[in-house]
Amino acid sequence: MKIDLTGKTALVTASTGGIGHAIAYGLAESGAHVVLNGRSQASIDTAKAKLLERLPDAKFSGIPADLSDAAQTQALIDALPPIDILVNNAGIFGQVDFFETDDAEWDRYWHTNVLSGVRLSRALLPAMVDKGWGRVVFISSESARNIPADMIHYGVSKTAQLSLSRGLAKRVAGSGVTVNAVLPGPTLSDGFATMMEDEVKRTGKSLEELGKAFVMAHRASSVIQRMASVEEVANLVVYVCSQQASATSGAALRVDGGVVDDIV
Ligand code: NAD
């Protein structure tokens, strides 16, 4: 199967690092013009330079915006070219006990992980429907189904993305636009590397080793028994965005290494 996204323009939110960066690479490698997003112009410039080193002929542009903020999200929407593919990847995570999670923290998670995708989908889906082709992907998490007791607010936000994705797929039924959610499991992203920085220094172990120990301690149902790479997650997302994935819509697709202990 050859995935060809020539002529398509994709917005990948939070694509200056982590999973989003790998998705941006994968879509651009398949021929799409990718609009990068991060919170600063400097982070976009660095990400763009890194991508162009590996894909010198690819087309990237970038718009800075903090997507937890409605006004900045609107400014990004106003600056966008016509978008065929929207990947709602922006998301924050971190362990906070339920009894220490105040309203402000709940709001922060809701705005960043859920409302960012609501606002962008509301703005961009109508033109995709008019065109008769489009792809919207929400980067959810296995935590949408295995609600982690040490980050309930995160789990709630990720489950909400599944409702949103399924609802939107039905809302644009029959239009040629697909809407799906992708559920990664523990993934060796920049965010995870930052979380483990002290541990790497303290133990002298590699990030991969610590990742494997993390999986065995906290996600023991993992079938692959290791963290996934960001590229492994991006591969599924690129497929979902492809022409070939036209019969997949309203789905919650796992790339979680089998962490969710279920047959579907
Ligand atoms: P990451 O922390 O490695 O990268 C996130 C990027 O988002 C960074 O470049 C950061 O600067 C940017 N960003 C953060 N807040 C932003 C905001 N408000 N507006 C714009 N940009 C912002 O994260 P990641 O691990 O790649 O996670 C990406 C997505 O994947 C998230 O939605 C996360 O919930 C999901 N996910 C991650 C894992 C994992 O193990 N890493 C597992 C399941 C799901």
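All heavy atoms count here, side chains included; hydrogens, waters and symmetry mates do not. When a ligand or atom number is given, it counts from 1 through the structure's own listing order.
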Peer 1: Between E208 and M227, is there a donor-acceptor pair closer than 3.5 Å when you use the side chain of the first and the backbone of the second?
Peer 2: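 Between the backbone of M227 and the side chain of E208 there is no qualifying donor-acceptor contact (under 3.5 Å).
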Peer 1: Need the ligand 1 atom indices (1-based, order shown) with element for anything under 4.0 Å from a heavy-atom of A65.
Peer 2: 19 (N), 20 (C)
Peer 1: Would you mind telling me which of V136, L11, L164, V137 makes a side-chain contact (heavy atoms from CB on, under 4.5 Å) with N88?
Peer 2: V136
Peer 1: Could you tell me whether E199 and R202 have a side-chain N and a carboxylate O separated by less than 4.0 Å?
Peer 2: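 Here E199 pairs with R202 in a salt bridge, since their nearest N and O are under 4.0 Å apart.
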Peer 1: Could you tell me whether R254 and D256 make a salt bridge, using a distance below 4.0 angstrom between a side-chain N and a carboxylate O?
Peer 2: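 Yes, R254 and D256 are salt-bridged.
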Peer 1: I need the atoms of ligand 1 closer than 4.0 Å to a non-hydrogen atom of N37, numbered in the order shown.
Peer 2: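 That gives atoms 20 (C) of ligand 1.
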Peer 1: Are R108 and E105 close enough for a salt bridge, meaning some N to O gap below 4.0 Å?
Peer 2: yes
Peer 1: Can you tell me which portion of S15 lies within the under-4.0 Å heavy-atom range of ligand 1? Options are side chain, backbone, both, or neither.
Peer 2: neither
Peer 1: Between D150 and Q95, does any side-chain donor sit less than 3.5 Å from a side-chain acceptor?
Peer 2: yes
Peer 1: Which atoms of ligand 1 have any heavy atom of G191 under 4.0 Å away?
Peer 2: 1 (P), 2 (O), 3 (O)
Peer 1: If the cut-off is 4.0 Å to any non-hydrogen atom of S68, which atoms of ligand 1 fall inside it?
Peer 2: 18 (N)
Peer 1: Taking atom 37 (C) of ligand 1 as the point of reference, which of N88, T16, I19, T187 owns the nearest heavy atom?
Peer 2: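 Among N88, T16, I19, T187, the closest heavy atom to atom 37 (C) of ligand 1 comes from I19.
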Peer 1: When rounded to the nearest 0.5 angstrom, what is the spacing between CD1 in I85 and CG in L124?
Peer 2: 12.0 Å
Peer 1: Touching ligand 1 at all, S140? Heavy atoms, strictly under 4.0 Å?
Peer 2: yes
Peer 1: Between D78 and Q74, do the side chains contain a donor N or O and an acceptor N or O under 3.5 Å apart?
Peer 2: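 There is such a pair between these side chains.
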Peer 1: List the atom of S157, the atom of Y109, and the distance in Å for their closest heavy-atom pair.
Peer 2: CB-O, 4.3 Å
Peer 1: Closest by any non-hydrogen atom to atom 21 (N) of ligand 1: pick that one out of A47, A14, A228, G94.
Peer 2: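 Nearest heavy atom to atom 21 (N) of ligand 1 lies in A14.
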Peer 1: Looking only at heavy atoms, what is the nearest atom pair of R219 and V259, with distance?
Peer 2: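 The answer is CD-CG1, 3.9 Å.
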Peer 1: Can you list the atoms of ligand 1 that are under 4.0 Å from a heavy atom of D66?
Peer 2: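 Counting atoms of ligand 1 from 1, those under 4.0 Å from D66 are 17 (C), 18 (N), 19 (N).
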Peer 1: Are there more than 12 heavy atoms of other residues, nucleotides or ligands under 6.0 Å from atom CG of D262?
Peer 2: yes
Peer 1: What part of F93 sits under 4.0 Å from ligand 1 if we count only heavy atoms: the side chain, the backbone, both or neither?
Peer 2: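 For F93, the contact with ligand 1 is made by the side chain alone.
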Peer 1: Find all atoms of ligand 1 within a distance of less than 4.0 Å from any non-hydrogen atom belonging to P186, and give their numbers and elements.
Peer 2: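 The list of qualifying atoms is 40 (O).
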Peer 1: Do any N/O atoms on G17 end up under 3.5 angstrom from N/O atoms on ligand 1?
Peer 2: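 G17 vs ligand 1: N/O contact under 3.5 Å present.
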Peer 1: Do any N/O atoms on S141 end up under 3.5 angstrom from N/O atoms on ligand 1?
Peer 2: no
Peer 1: Which one of V255, L36, L183, N89 has a non-hydrogen atom at the shortest distance from atom 31 (C) of ligand 1?
Peer 2: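 The nearest heavy atom belongs to N89.
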Peer 1: Report the part of S116 (side chain from C-beta onward, or backbone N, CA, C, O) that has a heavy atom under 4.0 Å from ligand 1; answer both or neither where that applies.
Peer 2: neither
Peer 1: For D190, take its heavy atoms, then give the atoms of ligand 1 lying under 4.0 Å from any of them.
Peer 2: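 Those of ligand 1 that fall under 4.0 Å from D190 are 3 (O).
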Peer 1: When you measure from atom 14 (C) of ligand 1 to each heavy atom in H21, R39, M227, which option holds the nearest one?
Peer 2: R39
Peer 1: Measure from atom 38 (C) of ligand 1 to every heavy atom in P64, A144, G185, A90 and give the option owning the shortest one.
Peer 2: G185
Peer 1: Can you find an N/O atom of Y154 closer than 3.5 Å to an N/O atom of ligand 1?
Peer 2: yes
Peer 1: May I ask you to decide if the ring planes of F98 and W106 are parallel, tilted or perpendicular, using 30° and 60° as cut-offs?
Peer 2: perpendicular
Peer 1: Is the shortest distance from a heavy atom of K158 to ligand 1 less than 4.0 Å?
Peer 2: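 Yes, K158 has a heavy atom closer than 4.0 Å to ligand 1.
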